[in-house]
Structures are given as structure tokens and as C-alpha cells.
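Throughout, residue positions are numbered sequentially from 1 according to the sequence presented.
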Amino acid sequence: MPKKRSGGGLTTTQQAAKFLGVAALSGVVLAGIALPAAGALGLAAKGTVDGFDEIPANLKTPPLSQRTTILDNQGGQIATVYSRDRTVVPLTKISPYMQKAIIAIEDARFYEHGAVDLKGILRAMNRNVQAGGTAQGASTLTQQYVKNVFVEEAGDDPTKVAQATQQTLGRKVQELKYAIQVEEELGKKKILENYLNITFFGQQAYGVEAASQRYFSKSAKDLKLEEAAMLAGIVQSPSRYDPVNDKEEATKRRNTVIQRMADVKDISQEEADKAKATPIKLKVKRPKNGCITAVSGSGFFCDYVRQVVTSDPAFGKTAKDRAKLWATGGLTIKTTLNPRSQAASNEAATSRVNETDKVAASVVQVQPGTGQILAMAQSRPYGLDASKHQTVLNLSVDHKMGGSYAGFQVGSTFKPITAAAALEKGISPAQSFTTPHEISLPGESFRTCDNQPADDKPWEVGNELETEKGMFDMTSALGKSINTYFAKLEQKTGLCETLAMAKKVGYNRGDNKPLWQVANTTLGGQESTPLAMASVYATFANRGTYCSPIAVLSVTKPDGKQIDVPKSTCDRAMSEHTADTINQMLKGVVADGTGQSAGLSDRDNAGKTGTTDERINAWFVGYTPNLSTAVWVGSDGARQIPMSNITIGGQYYEDVCGGCLPGPIWKTAMTGSLDASETPAFNPVDVPRAKVKEDKDKKEKKKPGEGEGDDKPGDDSPFPGISISPDLIGGNDGNGNGRGQNDGGTNGP
């Protein structure tokens, strides 16, 4: 039995025999002679070579994994993502010094031999026998390229990588035949180009362009002699010759390459001496990979784009195909993100809620008429380090797109949907209901879409403030967010009709399940998301046409071809007159209702507040004719935190309300996003109001602020018939004092 060396491995005699076998085999390959199952070289061992002619004739060259670049709608870079940082460039965009350096040090006879360099094999064999070990390799540049293709194809699979790099005679035989095929089909120039684009240069850089950017912050076409030589020297051992961690070792290796270039007459000795005397001057550009590096707090939007690409069949038939496209496709993705809107929304989200707070904030902006998502921001930073309060949970979107399990109850921000359903059914905005502070409605009076009772128990409904009682019409009920009014309005409109309108305007549950057919839907008892709510209100702004939200405008492959990306679909959800009426009524909310603190003074704007039971969630969703923004503040962890007697963003709140925290956040986001020169107006429409009829004697007996109908028909009060004290006009006291009593639903303004 042959002896092994003391450190393991083959003896010198065995190595010589192996090299001799490969050399002889190379001759056989070149001669096109098939090896028998058992030959003189003993190559028939199972798992080594099963017959030379059975090796596939064509080398499958996988597309090189490249970085994907994500752009905003102005062409600015948001982030880059990659499994291997690589930018493929043609040979014409690679410095001639780089081309000469890699050939000189790796395969000086590259242009003289074929796929296999027999002279090199024999020379290496002789050197290694003399050295008593492996002192010199014999693979040509073409063979090295073939091996790199195998490694590239293996991806991040450790088993496949091990197979691709195993040093067996069978693998060598494979590489030899593939190398012959590559030489015949590609030619020397193309092989060199492919090699320089596929090779690993350390520091996470694959290919010479990425390497040049990493070490010198310049393009590969601009590399100087000494810079090119340094990169060429790294290839043999990226860790050993890493100039960032060991500049001295890297310098020695670089000088070896430079001298080799002089020896093969690529440069003069004088040029070589000058280059060797030049110190290595790095200008390192640290790798920025993934959505965690996204600008202006857009990591969550970046992740949403990832979810789109990896889930939509437009980007691949299978989940595996789509994931690979995202990680390795070298795509240029132009998105809908507007840099100005994103910066404003990020500032707004972090201005009043700190990343260290017990609760979090989310801000989403959508463009009416296009469905384009212009901004997506959160108070907590995007990332995986919980100790730094980072999270990858996207609070703006539904569960399947990376959001929370169910979303968040939307509170009174749902009420305009009920109002729209009522108007579409022919119910007048002047429809009035007289109610006390609390009412009880029969559960069976709310019918599901298959005409079954929604519940067999009464529904107990209460208003936010005990003073909120009397007669309200649709305008005043929206302005003061009267729960009892909307419970009765849903009862009159129909639960099924209300749910149908919700679907039309894009109101979806955050857990991606069908809407529940429950009565408290009108009070926002069902969970949804900030993105869905921004899209709902964009429908009002767009005069009744709903457009599904989109994040991607175009996707371009490395070869310049376009992928047909998903488009927004726009469908009429209600008549223009209905939408115009909703817009006029919601203008009152920000003018002198619960959202007064959020109102914009320089343009038409409308919106609605929402606060859920125990102050778990607080909302403000509002819009102008050209921008819709949803703001949510609440718990983003497993435990639901009531927002009473709580400090948020350094400010103490006795009770958080929709108008006192989400409202100002909304105002900041809108103000920063909108152009002062563009102030489109809502379409004007007359909104009928309820007329209060009281005899003179009865009216004189009433005290101000008591009973029904304190406001005269045609007077200046925006809320005729509301029996509340004058100091409460325009919303509650800013702290949202009152009680929540909505049977698992939501009730606050």
C-alpha cells in the first residue's frame, strides 16, 4: 500500500502519478478518444469517471448572480440587494492593465494553448515532484472559469459547493471536457471577459467591477497598473492577500504580479519598478446590502418591494424561481416611492413617537388615481437588532406581505365607508337619528349577505362622551364621530351593503381573511392596515374610483429587457356625486370636528379620526385631491398597550386620541410632501342638512346645551342638533376624555 505523508494526503510518487494521469488524459481528450470502462490509468472507480463520452457535451453556464438596484420614482437609489455583489461589464470596460495582470499571473500562455496546457501540466508536475508537495498548479484560465461556473451554479448550497470544488479525478475530467467546449464556442476574449466577471476577489466582491468599486471606489475601466496588479494577486487567496486586513502581504503579492507582467513583456522593467515602489492606496467602499441600508427610512418599503417580487407570478412561476430572481437577478427596479414624500413621512413618523417607546407609529401615502405608494415609514428602524429597537415587521401592510398577524382595528375611520354605502342606497345626508348617549339594537336587525341574523344578542353601543346625545345628521355625526348614529345608519343601510362597499374601496382584513359579517364593522371593529386605509380614502379623493396599491413601476433585466410588472387596477366603487358628498362632509372633520388639530390651512383637505377601545389604536386618515395619507399609532408587540397615562415621544398623554397624536403626525407628513404651488380643490357639491323643527314655547323652556335641536335651521353651527356644550365644538379636550363601550369594537373619534 502506498505511503502517505505525515500530514495526510498523497505521497510525492502518488502526486506525480496523478499529474501524469491527468496529462495523459488531457491528450486523450484532445484526441477525442473515448476511454474504456476500465483503462490503463485505472479510472473506472465508481464515482470518479463513468465513461468519458457520457459527460454532457454542453456546459450549462448559469446567469451570473448580480446585484439588484432599487430606485425611487425619480431614479435615485433606495438600496441594493444581492447574494453576491457583482456588476457584469464587457471587456471593453475593463482596464487593459487588469486583463494583462490576470493573464500574467494565472495563465501566461493563455493565448498560445488550447483548453488544456500540456506544457504547463508537465512543468507543474516536475515542480511539484521536486518540491515534495503541491508548489504549482496547472489549470488554465479556461479551466478555472469552468470551475467557477460550477461554484456559481451551486449558489449557497454547501453540499453543491463541496461537490463543485472537490479535487477528484472525475471532477478534473469533467472540467477538461467542458473547457474544450468553452474554448470552441466562446473564444479567448469572451472567456477572459467571463472569467473577470465571475471570479471572487474577496471582501464580498464578485467580478472585477465590484472589486474595483470595493477597494478603490472606481470603475474597472479606470484601474491603474499597480491597482490592477493588486486585484489580480488577490484571486489566488482572497483571505491571505486581503489588502484591507493585511496590506503588507497584499503588497508582496501585488509586486509579484507586477514583476510577472514585466517578465512576460506586458510592461517594461522600468514601469514595473515604478509601480512596485508605489504604496497601495485604498479607498474602500463598504458593502451595502439589503433593505437595511435603504435611505430615508425606506427599509420597510424596500421589503414590501421584495415581497411583491417574491410573491407575484409575474416574476416567476415558482416561489424558488422568484426568490432566485430577487437575490441574483441583477434587476433594476424602479418603484413608486417619491423621495420627498418618503423623507416627509419618515420625519413625521419619528417626530412624535420615539423608537424606544412602548408603542409605534406607521405612515403610508398613496396617490389617488394611480394607486402608487409614495411613502411608507415607521417610528422604529428597519433591521434585525432588537437591542437597537429595530424590527422587520412592516406595520403598514397585511400579514402575507410581511405585516402583523391581523392588522389593527381601524376605529371610526371606517364610518365614511358606511356613509358611502348609505348614500349609494339613496339615503340622504340629511338623514337624522335622535339617540341618547347609549343605545341597544337587536342583533337580528343586522342581516348577513345570506339574509341570516348577524347576532342573536342585542348590540350595546355608546358614544365617546356622555354629552353626545340628541339629534344628528350624517354631516354632524361624521364631524363628532357619533357611534350611535352610525350603528343606526348601518342598520338602515344594511350590513351586507356596508360590507360590499368596504370591498369596493379596498378595505381588507390584515390577516387576509374575508370580512366578518358583524354589526360592529361600522365602528371599525375589524382589523385592517394603514396601506389599505390610505387606499380607501384615496378612493374618495379620486371621486369614487378605487385603484389597487402598487409599488413597482418597471423592472429591467441586465440585458435591458423589461419584465411585465403588475399594474394597478382601477374600478368605480361609488358615484362621483357620492364621493364628492363624502369629501364635503369630511372637510368638516378637519375644519371644526375631531380632526381640527390636523387640518391644513392652505388647501382643500378632509379626513377622519379613529380611536379604539382602551386606546389600543389611534388613527388619522386624511387626504387632499392629490394625496392620501394614513397614520396609525399603537402596539406593535404581542401585548396590547392601552394609551392612557402614557409618555410617547417625550410627551405625556392622559388619553391618546386620533386628533391629538396621529393627527399632527399626518399634518407633518402632508405638509412636507405637498407642493405649495399645487392646490387642487374638491369638486363642490351641496350637502343637504337636517332641519330642526321646534315650537317656540318648547324651545324657550330648554336650557342651552340640553335636549335636542339647540341649533336653528340655517344657523352657523356646523353640527345642527348636537346637544353638546360650546367648548367641545371642534373635538374633545385634546385628551380624548370619555368612555369606550363598544362590545369588542371601536368607538373613539
Side-chain angles (χ1 to χ4, degrees), residues 341 345 348 362-376 396-397 407-408 410-421 423 478-479 481 498 501-508 522 524 526 528-550 568 570-574 576 578-591 593-595 598-600 603-610 617-632 658-659 662-663 665-667 669-670 673-674 680-683 749:
S341 295
S345 296
S362 168
V363 181
V364 180
Q365 296 193 326
V366 171
Q367 186 178 61
T370 67
Q372 294 182 18
I373 303 170
L374 302 182
M376 188 177 286
S396 300
V397 301
F408 313 101
V410 302
S412 295
T413 59
F414 188 92
K415 289 172 181 174
I417 299 176
T418 305
L423 295 175
L478 277 170
S481 202
T498 302
M501 178 57 69
K503 292 178 182 177
K504 288 179 182 179
V505 296
Y507 181 84
N508 302 307
T522 190
Q526 300 202 52
S528 191
T529 66
L531 176 57
M533 294 309 296
S535 300
V536 167
Y537 279 57
T539 305
F540 300 137
N542 194 35
R543 301 192 70 196
T545 296
Y546 166 74
C547 295
S548 60
I550 57 169
S568 176
C570 297
D571 299 293
R572 180 152 295 283
M574 67 191 76
E576 289 185 348
T578 291
D580 293 340
T581 302
I582 295 291
N583 295 338
Q584 292 300 317
M585 290 192 291
L586 290 185
K587 282 177 66 176
V589 175
V590 295
T594 58
L600 306 176
R603 66 190 66 226
D604 270 6
N605 63 114
K608 185 72 188 75
T609 56
N617 302 285
W619 292 80
F620 190 89
V621 189
Y623 56 100
T624 62
N626 57 345
L627 183 63
S628 176
T629 301
V631 177
W632 165 88
I665 293 174
W666 179 87
K667 188 172 185 176
M670 292 290 283
S673 299
L674 293 167
F682 293 124
N683 190 58

- Looking only at atom types and distance, does a side-chain atom of S345 sit under 3.5 Å from a main-chain N or O of A375, one as donor and one as acceptor? no
- Item | Atom pair NZ (K608) and OG1 (T413), whose distance is rounded to the nearest 0.5 Å | 8.0 Å
- Task: Could you check V505 against M574 for side chain to side chain contact (heavy atoms under 4.5 Å, CB included), going step by step and ending with a plain yes or no?
- Result: CA-CA 9 Å; V505 296; M574 67 191 76; 3.6 Å; yes
- Item | Of V364, V366, T629, L627, the residue whose pairing with L374 passes side-chain contact (heavy atoms from CB on, under 4.5 Å) | L627
- For the residue pair S528 and Y507, what are the closest heavy atoms and their distance? CB-CE1, 3.6 Å
- Rounded to the nearest 0.5 Å, what separation is found between the CD1 atom of I582 and the NZ atom of K415? 13.5 Å
- Exercise: identify the closest heavy-atom pair between S568 and G371: OG-CA, 4.2 Å
- Query: Do you know the tightest heavy-atom contact between V363 and A669?
  - Reply: CG1-CB, 4.1 Å
- Message: Regarding Q365 and S628, do their side chains bring together a donor and an acceptor under 3.5 Å, going by distance alone?
- Response: no
- Note on the structure: d(T578 OG1, F540 CZ) to nearest 0.5 Å is 10.0 Å
- Item | Side chain to side chain, L600 and M670, heavy atoms closer than 4.5 Å | yes
- For the residue pair V410 and W619, establish whether any side-chain heavy-atom pair is separated by less than 4.5 Å. yes
- Query: Rounded to the nearest 0.5 Å, how far does OG of S396 lie from CD1 of I373?
  - Reply: 9.0 Å
- Message: Less than 4.5 Å apart, side chain to side chain, heavy atoms only: is that true for T594 and V589?
- Response: yes
- Query: Nearest heavy-atom pair of T624 and R603: which atoms, and what distance?
  - Reply: CG2-CD, 3.7 Å
- Item | Contact check, side chains of Y537 and N583, non-hydrogen atoms, under 4.5 Å | no
- Task: Decide whether Q367 and T370 meet the rule of one side-chain donor and one side-chain acceptor closer than 3.5 Å.
- Result: yes
- Message: Do T539 and T545 make a side-chain contact, defined as non-hydrogen atoms from C-beta onward lying under 4.5 Å apart?
- Response: no
- Message: For the OG atom of S341 and the CG atom of L674, what is their distance to the nearest 0.5 Å?
- Response: 7.5 Å
- Measure the spacing between NZ of K503 and OG1 of T498 and express it to the nearest 0.5 Å. 12.0 Å
- Does K504 come within less than 4.0 Å of D571, counting only side-chain N to carboxylate O? no
- Check whether any side-chain heavy atom of P530 sits under 4.5 Å from a side-chain heavy atom of V631, and report yes or no. no
- Note on the structure: Residues at least two apart in sequence or cross-chain that pass salt bridge (Lys or Arg N to Asp or Glu O under 4.0 Å) with K587, listed by chain then number, are D604
- Item | Test item: N605 and Y623 side chains (from C-beta on) under 4.5 Å apart, heavy atoms | no
- Heavy-atom closest pair (W666 atom, A606 atom, distance to 0.1 Å) is CZ2-O, 4.3 Å
- Heavy atoms, side chains only, cut-off 4.5 Å: are L478 and P416 in contact? yes
- Query: Between G607 and F620, what is the shortest heavy-atom contact and its length?
  - Reply: CA-CZ, 4.1 Å
